[in-house]
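Accompanying notes for the structure given below.
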Amino acid sequence: MPPRPHVFVAASTALLAAAVIPATVLPALAVPAETPHAPAAHTPTFPDPASLAPVSPVPVSPVPASPAPAPASPERHGAPGPAAGPPAGKESFRRDGFPEDGPVTAAALLSRAGGCDQISNGRYRTRESTPATIPVCDARGAVFWKADMDIDCDGQATAHCNPSADPYYQDTTAYTQSDGRALNPEELPYIVVPLSSSIWNFRSSGIRGGSVAAVIHRDKVEYAVVGDTGPPGIIGEASYATARALDIVADPAGGGVPSGVTYIVFKDSEISRLDDQETIARRGDELAKQFLRDN
């Protein structure tokens, strides 16, 4: 910057008041623009000329203005600031572990179906040849059990569900679709509950044909309905479509898995049209989120 010229203090107040700072010193007084929420920049102050006593004309150099302190942020007005976080009260994830606007995860559901408040009077087998080790557990708004998955191909005959593919095939299901026909096991995700017995009466728990269920295997969740009933002492069965959606081998003759499947059936949740898959998925997601909030 070029040296500032000397100015002389006038002998009278009038002359002092008329003094003009040369244009060459103006850049030195420039103050950086403030950024939003930054402290206001310091403005140099000068004494009121009227308060100064007359002095003899002596050459003096004006006191340099103190440089303004640097603003808290080097950004100027109009420059983009740091990325803003989510608005207050609008977290990306709720405290119960699932996205506010996204689907419920398998991990979140399994975390609520950890222990077991046993509601059944005894335990179920997964097959006639296995010991009875599977209890039905109670929860707020649902019952659940952890078992295997056998493949149920009963219902309408399809390319993969028919007497040739399934030696135990039956063309009926305990509950039917809206037109009165048996359910389609290859297209409709449904689960099988044991017939009522001294072990457990599913109706006493608010479970009926068309009740909505969440079926979990590993990191996948599939929403289904109660669509069929099975032997009174055996538990752990679902339709061809349910198994396929969970990446379980859906062969009725040799597919399924021996363990690791969790069935959560929501109480008093039956839908009127068992074959309405859009409603099954929507209601399942709503009920699963309610299950997470309540347990």
Side-chain angles (χ1 to χ4, degrees), residues 118-130 132-138 142-158 161-163 166-215 222-243 246 248 250 252-253 255-257 261-277 280 283-284:
Q118 184 169 333
I119 194 174
S120 57
N121 295 322
R123 299 191 175 204
Y124 287 95
R125 304 173 187 272
T126 57
R127 296 190 178 190
E128 291 288 352
S129 59
T130 60
T133 59
I134 310 297
V136 176
C137 309
D138 195 26
V143 297
F144 64 90
W145 57 89
K146 300 179 181 182
D148 66 337
M149 180 182 286
D150 293 325
I151 309 303
D152 187 350
C153 251
D154 293 344
Q156 298 177 36
T158 67
C161 289
N162 53 63
D166 183 1
Y168 303 103
Y169 172 78
Q170 299 181 43
D171 61 2
T172 60
T173 49
Y175 306 101
T176 59
Q177 60 187 29
S178 55
D179 62 2
R181 299 173 64 198
L183 302 178
N184 184 326
E186 190 171 340
E187 297 296 331
L188 181 69
Y190 70 76
I191 68 169
V192 180
V193 295
L195 285 166
S196 296
S197 69
S198 59
I199 301 175
W200 179 52
N201 180 348
F202 63 87
R203 294 181 183 85
S204 66
S205 296
I207 308 303
R208 301 172 183 82
S211 290
V212 179
V215 189
E222 176 69 5
Y223 296 113
V225 290
V226 173
D228 206 357
T229 55
I234 296 177
I235 204 166
E237 191 174 2
S239 69
Y240 183 103
T242 307
L246 295 172
I248 294 172
V257 288
V261 181
T262 299
Y263 303 78
I264 302 174
V265 189
F266 303 108
K267 299 175 181 177
D268 302 315
S269 64
E270 65 272 15
I271 61 175
S272 57
R273 292 185 54 196
L274 276 67
D275 54 333
D276 184 351
Q277 296 192 47
I280 293 171
R283 286 288 291 145

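- Summarising the geometry of Y240 relative to I151, their closest heavy-atom pair is CA-CG2, 3.9 Å, with the distance given to 0.1 Å.
- Side-chain atoms of Q118 never come within 3.5 Å of backbone atoms of R123 as a donor-acceptor pair (strictly under, hydrogens ignored).
- Under the 4.5 Å side-chain criterion, counting only non-hydrogen atoms from C-beta, T242 is in contact with M149.
- Atoms CD and CG, from E186 and N162 in turn, are 9.0 Å apart once rounded to the nearest 0.5 Å.
- Under the 4.5 Å side-chain criterion, counting only non-hydrogen atoms from C-beta, E187 is not in contact with D275.
- With rounding to the nearest 0.5 angstrom, the CZ atom of R273 is 10.0 Å from the CD1 atom of I280.
- Without hydrogens or angle criteria, S269 side chain to V212 main chain gives a donor-acceptor distance under 3.5 Å.
- Under the 3.5 Å distance criterion, the side-chain polar atoms of T229 are left unmatched by any main-chain donor or acceptor of A174.
- Taken from OG in S178 to CD1 in I271, the straight-line distance is 10.0 Å, to the nearest 0.5 Å.
- Pairs of residues two or more places apart, or lying in two chains, that qualify as salt bridge (charged side-chain N to carboxylate O under 4.0 Å, His left out) and include a residue from residues 199-215 are R208-D268, R208-E270.
- Using a 30° and 60° split on the angle between ring planes, Y124 and W200 fall in the perpendicular class, above 60°.
- Within the 3.5 Å criterion, the main-chain N or O of S198 finds a donor-acceptor partner in the side chain of N121.
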Report task. Go through the steps for L246 and V257 under the test side-chain contact (heavy atoms from CB on, under 4.5 Å), then give the verdict. Result -> CA-CA 11 Å; L246 295 172; V257 288; over 6 Å; no
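- Side-chain atoms of W145 and V193, non-hydrogen and from C-beta on, do get closer than 4.5 Å to each other.
- Although no hydrogens or angles enter the test, the distance criterion places no donor-acceptor pair under 3.5 Å between the side chain of T173 and the main chain of G155.
- You'll find the side chain of S239 stays beyond 4.5 Å of the side chain of L183, heavy atoms only.
- Side-chain atoms of S197 come within 3.5 Å of backbone atoms of I199 as a donor-acceptor pair (strictly under, hydrogens ignored).
- Q277 CD to L188 CG: the interatomic distance, rounded to the nearest 0.5 Å, is 5.5 Å.
- The minimum heavy-atom distance between A241 and P189, with the atom names listed, is CB-N, 3.9 Å.
- Across every non-hydrogen atom of V265 and I191, the tightest pair is CG2-CD1, 3.8 Å.
- Judged by distance alone, the side chain of S120 and the main-chain N or O of P135 form no donor-acceptor pair under 3.5 Å.
- Here the closest heavy-atom approach between residue V261 and residue D148 is recorded as CB-O, 4.1 Å.
- Atoms CZ and CD1, from R125 and I235 in turn, are 13.5 Å apart once rounded to the nearest 0.5 Å.
- The shortest heavy-atom contact between N201 and S204 is O-OG, 2.6 Å.
- A salt bridge is defined here as a Lys NZ or Arg NE, NH1 or NH2 lying under 4.0 Å from an Asp or Glu carboxylate O, and K267 with D138 meets this definition.
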**Report entry** Verdict with supporting geometry, Q156 and Q177, side-chain contact (heavy atoms from CB on, under 4.5 Å)
**Finding:** CA-CA 11 Å; Q156 298 177 36; Q177 60 187 29; 3.2 Å; yes
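- Contact detail for F202 and P194: the closest heavy-atom pair is CD2-O, 3.4 Å.
- In this structure a side-chain-to-backbone donor-acceptor pair under 3.5 Å is present from T130 to T126.
- Between the side chain of T158 and the backbone N or O of C161 there is at least one donor-acceptor pair closer than 3.5 Å.
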Requested in this report: Test D154 against V192 for side-chain contact (heavy atoms from CB on, under 4.5 Å), laying out the working first.
Outcome: CA-CA 10 Å; D154 293 344; V192 180; over 6 Å; no
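- Here C153 contributes atom SG and D171 contributes atom CG; the two are 13.0 Å apart, rounded to the nearest 0.5 Å.
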Report task. Start with the C-alpha gap between F266 and S211, add the side-chain angles, then the distance that decides, and say whether side-chain contact (heavy atoms from CB on, under 4.5 Å) holds. Result -> CA-CA 7 Å; F266 303 108; S211 290; over 6 Å; no
